[in-house]
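Before any comments, here is the structure.
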Protein chains: 2
Amino acid sequence: MKHLLKTRYEARAKIIKALAHPSRLLIIEELNQRERCVGELTEMIGADVSTVSKHLSILKNAGLISDDKRGNSIFYSLRVPCIMQFMGCVEEVLSVNAKKHNAILKCSGR
Amino acid sequence: MKHLLKTRYEARAKIIKALAHPSRLLIIEELNQRERCVGELTEMIGADVSTVSKHLSILKNAGLISDDKRGNSIFYSLRVPCIMQFMGCVEEVLSVNAKKHNAILKCSGR
DNA sequence: ATGCTATTTGGCAAAATAGCCATGCACTAT
DNA sequence: ATAGTGCATGGCTATTTTGCCAAATAGCAT
């Protein structure tokens with residue numbers, strides 16, 4: 001692969017990788033509703049706080065979310081709303097996959 | 001996290017993970033132009049055929065591409081065009097990140 | 001200052017991913 | 001039948017990612 005092209009795809013992949021985890025998808029979806037602090041997200045996810053904190057730092061590092069420290073808490077919010085449109089496409093893939101699956105079941109006589 | 005929700009995010013994450021690799025992004029973009037066989041993609045990527053073949057199987061497994069065997073070759077094509085819209089959003093994130101980066105440079109006097 | 005709450009960071013082990021080589025398989029050609 | 005081409009799979013190692021615990025940091029309250 002040409003170097004310029006490679007660099008470009010690597011940059012994209014870094015962002016997409018940041019989205020490629022169930023907990024981080026939940027975070028994105030919650031932050032799309034409204035800003036949230038780490039404690040709230042931790043409760044929703046049900047993992048260790050440190051784990052959630054690391055997920056947040058991955059998302060922040062990718063430029064997907066931003067943080068705002070107020071008092072004792074840090075509030076995170078979604079920085080790039082267009083991400084949510086993407087989720088629509090992902091759902092479409094899932095539904096196409098489900099249809100195909102059903103078709104296979106039918107053809108094999110169930 | 002509630003089980004139902006978790007399953008849902010896991011399904012989404014699997015699809016996004018399939019996209020989260022430079023070579024696979026190149027494949028997606030190429031297949032968006034037209035169908036391609038493994039040999040062509042391998043040449044563009046510049047990795048071992050077996051590696052490319054595995055990338056293709058990941059994309060296929062996620063339901064993103066489909067294959068069509070004709071003669072001695074297997075032609076892959078993009079199954080869900082909406083994926084490309086998503087790339088637009090990723091580019092937007094990159095450009096927002098770049099702007100922020102420039103602003104930081106300015107503020108630090110460069 | 002001391003303690004309390006909210007969050008991040010370092011360290012580590014387990015799990016997942018990536019990429020190469022060698023091999024196997026299917027189809028084509030001779 | 002034999003050889004050649006195109007692709008997939010198994011096996012293996014190196015790298016990356018994940019998630020917990022323990023410890024550090026920062027702000028608030030007393």
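The sequence lines fix the lettering, A, B, ..., with proteins before strands; numbering per chain opens at 1. Every heavy atom of this structure was used, including side-chain atoms; hydrogens, water molecules and symmetry mates were not. Every value quoted in this text rests on a predicted model; they were computed, and no experiment measured them.
The NE2 atom of B:His55 sits 16 Å away from the P atom of D:dC7 (whole-angstrom rounding). Atoms NE2 (B:His21) and C1' (D:dT16) sit 11 Å apart, rounded to a whole Å. Between the CD atom of B:Glu10 and the C1' atom of D:dT18 there is a distance of 13 Å, given to the nearest Å. Note: CG (A:Asp48) to C1' (D:dT17) measures 16 Å, nearest angstrom. Protein atom CD of B:Glu40 is 17 Å distant from nucleotide atom P of D:dT5, rounded to whole Å. One can place NZ of B:Lys14 at 19 Å from C1' of D:dT17, the figure rounded to the nearest angstrom. Across the protein-nucleic acid pair, B:Arg36 atom CZ and D:dG6 atom P stand 16 Å apart, rounded to whole Å. Between B:Glu43 atom CD and D:dG6 atom C1' there is a gap of 14 Å when expressed in whole angstrom units.
Salt bridge status for B:Glu29 with A:Arg8: present, with a side-chain N to carboxylate O gap under 4.0 Å.
Between A:Gly46 and B:Ser57, the residue whose closest nucleotide on DNA chain D is further toward the 5' end is B:Ser57. Of the two residues contacting DNA chain D, namely A:Arg24 and A:Gly71, the nearest-nucleotide position lying further toward the 5' end is that of A:Arg24.
Across all strands shown, B:Tyr76 has heavy atoms under 4.0 Å from sugar-phosphate atoms exclusively, and none from any base. At a threshold of 4.0 angstrom between heavy atoms, the contacts of B:Lys17 are confined to the sugar-phosphate backbone, with no base atom among them. No contact: B:Arg70 has no heavy atom under 4.0 Å from any strand. Using a 4.0 Å heavy-atom cutoff across all strands shown, B:Ser73 reaches sugar-phosphate atoms only and no base atom.
Following chains of ILVMFWY side-chain contacts shorter than 4.5 Å, one can reach B:Leu5 starting from A:Met44, so the two form part of one hydrophobic cluster. A:Met84 and A:Leu19 fall within the same hydrophobic cluster, where Ile, Leu, Val, Met, Phe, Trp and Tyr residues are linked whenever their side-chain heavy atoms come under 4.5 Å apart, directly or through other members.
Remark: A:Cys37 pairs with no residue by the disulfide (SG to SG under 2.5 Å) rule, at least two apart or across chains.
Atom CZ of A:Arg34 has 12 or fewer heavy atoms from other residues, nucleotides or ligands within 6.0 Å.
Below 30°, between 30° and 60°, or above 60°: for B:His55 and B:His21 the angle between ring planes is between 30° and 60°, a tilted geometry.
At least one side-chain nitrogen or oxygen of B:Ser53 sits closer than 4.0 Å to the OP1 or OP2 atom of D:dA8. Listed pair A:Ser50 / D:dC20 fails the phosphate criterion, with no side-chain N or O lying under 4.0 Å from OP1 or OP2.
First and last contacting nucleotides of DNA chain C toward chain A (any atom under 4.0 angstrom from a heavy atom, 5' to 3' order): C:dT5 to C:dG11.
Judged by atom type and distance alone, B:Lys54 reaches the base of D:dG10 through a side-chain donor-acceptor pair under 3.5 Å.
Considering every non-hydrogen atom in both B:Leu94 and A:Ala11, the closest pair reads CD2-CB, 3.9 Å.
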